[in-house]
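Along the sequence shown, residues carry numbers from 1. Side chains are part of it too, since the values below use all heavy atoms of this structure and drop only hydrogens, waters and symmetry mates.
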Amino acid sequence: MTAPVIIAGGSLTGLMLAHELTLWGIDVVVLERSPGLTDESPGQAINTTTAELLDQRGLLAGLRGHVSPVQGTHFSLMWLDMSPLDGRHQPAMLLGHQFIARRLGDAAVARGADVRHGHRVTAFHQDDDGVRVRVATPSGEYHLHGSFLVAADGEDSTVRAAAGIDFPGAGPANCGLVADVEIAVADLPPEHRGSKFCPGGASTRRCRSGRGCCG
């Protein structure tokens, strides 16, 4: 494969794919529209399967300094007994996704991936030689030739729309709010600790301690 695989989107999915491809010696260019890494956390936890996949790739060890233990695992506030998994599997853990993105990006770049922040795919053309991508940057546009173009640019994917791939169905029926908050958990009253049922569709926010706060 002479031309690189071009990945549109440099969040967790795109960076994990970049890391996997570089393991096979494949050249990769990641085009991410945001100007750089951020401390904002789109998610605050990973499940057992994700933890084990990261561990298999040797990526989990560098993240443990950012991990908080979970208070337990529940389904609709029905708490599950996780003791049968002890010693056999990695546990679910509270871990800000921004730390995972940084770890994946560093690992992919160390293996040769070219991660370009502030570069946004605006159009592409596929032919027998691969795919030609038009990229917008703060300093202007350029064209990039690749063997494949992967759409990892989210639900409003520019690549999917340009390819004419339909996305049937309705929008989300509800929404949520994620906030990064620094707080001393010991100062919280008991009713604001742990996972709670929020009547009337109130949002659930999660503080950096990892404990859910109903509000």
Side-chain angles (χ1 to χ4, degrees), residues 1-47 49-50 53-54 57 59 96-109 111-180 201 203-204:
M1 187 178 297
T2 56
V5 172
I6 302 170
I7 301 174
S11 293
L12 297 185
T13 300
L15 291 174
M16 188 69 194
L17 176 60
H19 181 266
E20 292 300 291
L21 291 175
T22 58
L23 289 176
W24 293 88
I26 298 173
D27 292 334
V28 177
V29 177
V30 179
L31 304 174
E32 167 54 40
R33 69 180 67 188
S34 65
L37 294 173
T38 175
D39 285 330
E40 295 179 357
S41 50
Q44 291 282 357
I46 58 175
N47 59 25
T49 301
T50 301
L53 289 173
L54 291 172
R57 289 296 185 246
L59 299 169
H97 290 188
Q98 76 273 29
F99 301 116
I100 304 175
R102 190 172 288 112
R103 181 75 178 94
L104 289 174
D106 289 345
V109 169
R111 292 185 174 274
D114 182 0
V115 180
R116 306 178 185 181
H117 284 274
H119 292 230
R120 177 172 57 89
V121 174
T122 58
F124 72 91
H125 172 71
Q126 183 174 331
D127 55 32
D128 292 339
D129 295 326
V131 60
R132 299 186 183 278
V133 178
R134 187 171 70 198
V135 184
T137 75
S139 58
E141 290 189 343
Y142 68 93
H143 288 81
L144 184 64
H145 177 239
S147 54
F148 294 93
L149 173 62
V150 180
D153 50 346
E155 59 180 341
D156 297 321
S157 170
T158 299
V159 176
R160 188 188 69 241
I165 301 173
D166 194 15
F167 188 65
N174 52 39
C175 62
L177 176 67
V178 175
D180 292 312
S203 63
T204 300

As a quick check of understanding, evaluate side-chain contact (heavy atoms from CB on, under 4.5 Å) for Asp39 and Arg102, giving each step before the final call. CA-CA 10 Å; Asp39 285 330; Arg102 190 172 288 112; 3.3 Å; yes
So Arg33 and Thr158, do their side chains get closer than 4.5 Å, heavy atoms only? yes
Got Met16 and Thr50 here, is their nearest side-chain heavy-atom distance under 4.5 Å? no
Between Thr137 (side chain) and Gly140 (backbone), is there a donor-acceptor pair under 3.5 Å? yes
Once you round to the nearest 0.5 Å, how far does OG1 of Thr49 lie from CG of Leu53? 6.5 Å
Quick check on side-chain contact (heavy atoms from CB on, under 4.5 Å): which of Leu149, Thr122, Val29 does Val133 satisfy it with? Leu149
Leu59 and Ala107 have their tightest heavy-atom pair at CD2-CB, 3.7 Å
For the backbone of Ala3 and the side chain of Ser147, can you confirm whether one donor and one acceptor N or O come within less than 3.5 Å of each other? yes
So do the side chains of Gln98 and Thr38 get within less than 4.5 Å of each other, counting heavy atoms only? no
Check whether any side-chain N or O of His117 sits under 3.5 Å from a backbone N or O of Gly10 as a donor-acceptor pair, and report yes or no. no
Kindly compute the distance separating CD1 (Ile7) from CG (Asp153), expressed to the nearest 0.5 Å. 11.5 Å
For residues Arg103 and Leu15, determine if any side-chain heavy atom of one lies less than 4.5 Å from a side-chain heavy atom of the other. no
Interatomic distance, Leu17 atom CG to Thr22 atom OG1 [nearest 0.5 angstrom]: 9.5 Å
Can you name the closest pair of heavy atoms from Phe148 and Val131 and give their distance? C-CG1, 3.7 Å
CZ of Arg57 to CG of Leu104: how many Å apart, nearest 0.5 Å? 11.5 Å
What pair of heavy atoms forms the shortest contact from Val30 to Gly9, and how long is it? CG1-O, 3.7 Å
Could you report the tightest heavy-atom contact between Pro138 and Gly118, atom names first, then the distance? CD-O, 3.3 Å
Rounded distance [0.5 Å steps], CD1 in Ile100 versus CG in Leu54: 6.0 Å
As an exercise, state the distance from NE2 of His145 to CZ of Arg132, rounded to the nearest 0.5 Å. 4.5 Å
